[in-house]
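All values below come from the heavy atoms of this structure, side chains included, with hydrogens, waters and symmetry mates left out.
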Amino acid sequence: SLKEKIDEYKKRFNLPLDKKIIMYTGHLYSWKGVDVVIEAAKEIKGDSRYTFVFVGGTDKDLIRYRKIKENENLYNIMFLGQKEQREIPEYLACADVLLLPNVPISVESELYTSPIKVFEYMASVRPIVASDMSSIREVLNENNAILVKPADVTGIIRGIHQASEDQVHTKEITKEALKNVQNYTWEKRAEKILQFLNK
C-alpha cells in the first residue's frame, strides 16, 4: 500500500514514523525564508506532533544551521543535507506539509523563485504552505496552496496547522495543484509557444 511504501522511505531516510513531517527542500539561503521556518519550529517546539525536515544546503550552511539547532536545543528539526535530484520525490512523499517560505528581501527573491521546485512540490500531492509573493503567485494561488504573509512566523505556524489538520481543504488544494502542474510540463509549454508562433 502507499502508506507502507512511505513508511519504507521514512525508515530508509531515518525519519520519524509517528510525526507530521514539515519539509523544506532547497538551499538554506536567508531569502528562501529558512530562518522564518526555524523561528516557527522554535515556537512550536513543545508540540510533539511535528518534525521539521530540511533537505539541501551547502556544507558551510549546514554547519551553521546545525550549530543553531544545537545551541537552541531544537530537537524538532532535522538537517539532512544535499540529496540526489532523483531522490527528491521520495523525500517529498514522506512530507505531510511542504514549505515555500521565501521572503522579499531583494529584487531577485521578490521576482524570481525556482519554478522547478514549485512544480516538484505540486506533483507530490502534498499540501504547500507558501509565501504570498508575486513570483510565487505566478504558479500558486488560494485554490492550490495555503498562502501566508512572507516572513511571518505566526502565519507559517497557522498555515502548517491548517495544512496538517484540515483534511478536506488539503484534499482540494493538492488535487488542484496536481491538475495545474500538468499544464506546466515542457511539452505543454512548447505547444503554447508553437500555437503563439503559428497564429
Side-chain angles (χ1 to χ4, degrees), residues 9-10 13-83 87-88 90-110 112-114 116-118 120-122 124 126-133 135-136 140 145-166 170:
Y9 290 153
K10 285 182 174 175
F13 303 144
N14 291 321
L15 296 172
L17 294 176
D18 56 343
K19 306 271 186 204
K20 298 254 185 203
I21 291 183
I22 315 302
M23 189 178 285
Y24 166 88
T25 69
H27 276 296
L28 304 177
Y29 300 146
S30 56
W31 61 271
K32 296 277 195 188
V34 172
D35 302 327
V36 183
V37 178
I38 288 170
E39 278 306 310
K42 200 186 296 183
E43 287 220 1
I44 59 173
K45 194 166 78 162
D47 189 334
S48 59
R49 291 175 297 175
Y50 303 107
T51 294
F52 289 77
V53 175
F54 292 84
V55 179
T58 60
D59 291 344
K60 202 175 93 183
D61 287 332
L62 285 165
I63 289 167
R64 188 162 75 88
Y65 279 108
R66 284 181 177 140
K67 232 185 217 121
I68 293 171
K69 171 191 159 132
E70 225 165 277
N71 294 343
E72 304 271 355
N73 186 23
L74 298 174
Y75 46 79
N76 60 341
I77 297 184
M78 299 172 75
F79 290 103
L80 305 185
Q82 294 256 346
K83 299 295 165 198
E87 282 185 303
I88 296 296
E90 296 174 0
Y91 279 93
L92 296 177
C94 297
D96 291 284
V97 180
L98 294 171
L99 299 180
L100 200 68
N102 295 33
V103 292
I105 57 174
S106 66
V107 172
E108 303 81 86
S109 65
E110 185 91 55
Y112 174 79
T113 186
S114 157
I116 301 300
K117 175 158 102 181
V118 186
E120 282 180 337
Y121 274 18
M122 292 166 84
S124 71
R126 293 290 176 271
I128 301 166
V129 174
S131 293
D132 191 352
M133 285 166 57
S135 54
I136 288 173
L140 297 179
I146 293 169
L147 297 179
V148 298
K149 213 167 86 188
D152 178 14
V153 175
T154 318
I156 280 217
I157 293 171
R158 213 177 29 242
I160 288 168
H161 286 318
Q162 190 188 350
S164 59
E165 283 152 35
D166 186 345
T170 296

Measuring from atom [atom1] of [X] to atom [atom2] of [Y], what distance do you get when rounded to the nearest 0.5 angstrom?
X	Y	atom1	atom2	answer
Asp47	Lys19	CG	NZ	9.0 Å
Arg49	Ile22	CZ	CD1	9.5 Å
Met122	Leu98	CE	CG	12.0 Å
Ile88	Lys117	CD1	NZ	10.0 Å
Ser131	Leu147	OG	CG	9.0 Å
Ile38	Lys69	CD1	NZ	10.5 Å

Within the 4.5 Å heavy-atom criterion, are [X] and [Y] side-chain neighbours or not?
X	Y	value
Trp31	Pro104	no
Leu92	Met23	yes
Phe79	Leu28	yes
Gln162	Pro127	no
Asp132	Leu140	no
Leu100	Val118	yes
Val148	Ile146	yes
Met78	Arg66	no

Examine distances only and state if a side-chain atom of [X] and a backbone atom of [Y] form a donor-acceptor pair shorter than 3.5 Å.
X	Y	result
Tyr121	Leu99	yes
Asp96	Ile21	yes
Lys32	Gly26	no
Arg126	Ala95	yes
Thr170	Ala163	yes
Lys10	Asp18	no

Practice prompt. Using a strict cut-off of less than 4.0 Å between a Lys/Arg side-chain nitrogen and an Asp/Glu carboxylate oxygen, indicate whether Lys42 and Glu39 qualify as a salt bridge.
Written response: yes

Worksheet item: Is it true that Glu165 and Lys20 make a salt bridge, defined as a side-chain N closer than 4.0 Å to a carboxylate O?
Response: no

Fill in: Glu72/Lys67 under side-chain contact (heavy atoms from CB on, under 4.5 Å): CA gap, chis, key distance, verdict
CA-CA 8 Å; Glu72 304 271 355; Lys67 232 185 217 121; over 6 Å; no

Item to complete: Verify side-chain contact (heavy atoms from CB on, under 4.5 Å) between Leu80 and Leu15, making sure each step is shown before the conclusion.
Response: CA-CA 10 Å; Leu80 305 185; Leu15 296 172; 4.1 Å; yes

Item to complete: List the steps and the verdict of side chain to side chain donor-acceptor pair (under 3.5 Å) for Asn102 and Tyr29.
Response: CA-CA 9 Å; Asn102 295 33; Tyr29 300 146; over 6 Å; no

Practice prompt. Step through the shown structure and confirm whether more than 12 heavy atoms of other residues, nucleotides or ligands are within 6.0 Å of NZ on Lys83.
Written response: yes

Discussion item. Is it the case that over 12 heavy atoms from other parts of the model lie below 6.0 angstrom from the CG atom of Asn71?
Written reply: yes

Heavy-atom closest contact ([X] atom, [Y] atom, distance):
X	Y	answer
Lys45	Asn73	NZ-O, 3.2 Å
Gly57	Gln82	O-CG, 3.1 Å
Pro101	Val37	CG-CG2, 3.5 Å
Asn76	Ala41	ND2-O, 2.9 Å

Fill in: Plane angle bin for Phe54 and Tyr24 - parallel if under 30°, tilted between 30 and 60°, otherwise perpendicular
tilted

Discussion item. Ring-plane angle category for Phe13 and Tyr91, please: parallel below 30°, perpendicular beyond 60°, tilted otherwise.
Written reply: parallel

Practice prompt. Check the pair Ile160, Phe52 against side-chain contact (heavy atoms from CB on, under 4.5 Å), reporting the backbone distance first and the verdict last.
Written response: CA-CA 11 Å; Ile160 288 168; Phe52 289 77; 3.7 Å; yes

Worksheet item: After noting the C-alpha distance and the side-chain angles of Val129 and Arg158, does the key distance pass the side-chain contact (heavy atoms from CB on, under 4.5 Å) rule?
Response: CA-CA 10 Å; Val129 174; Arg158 213 177 29 242; over 6 Å; no

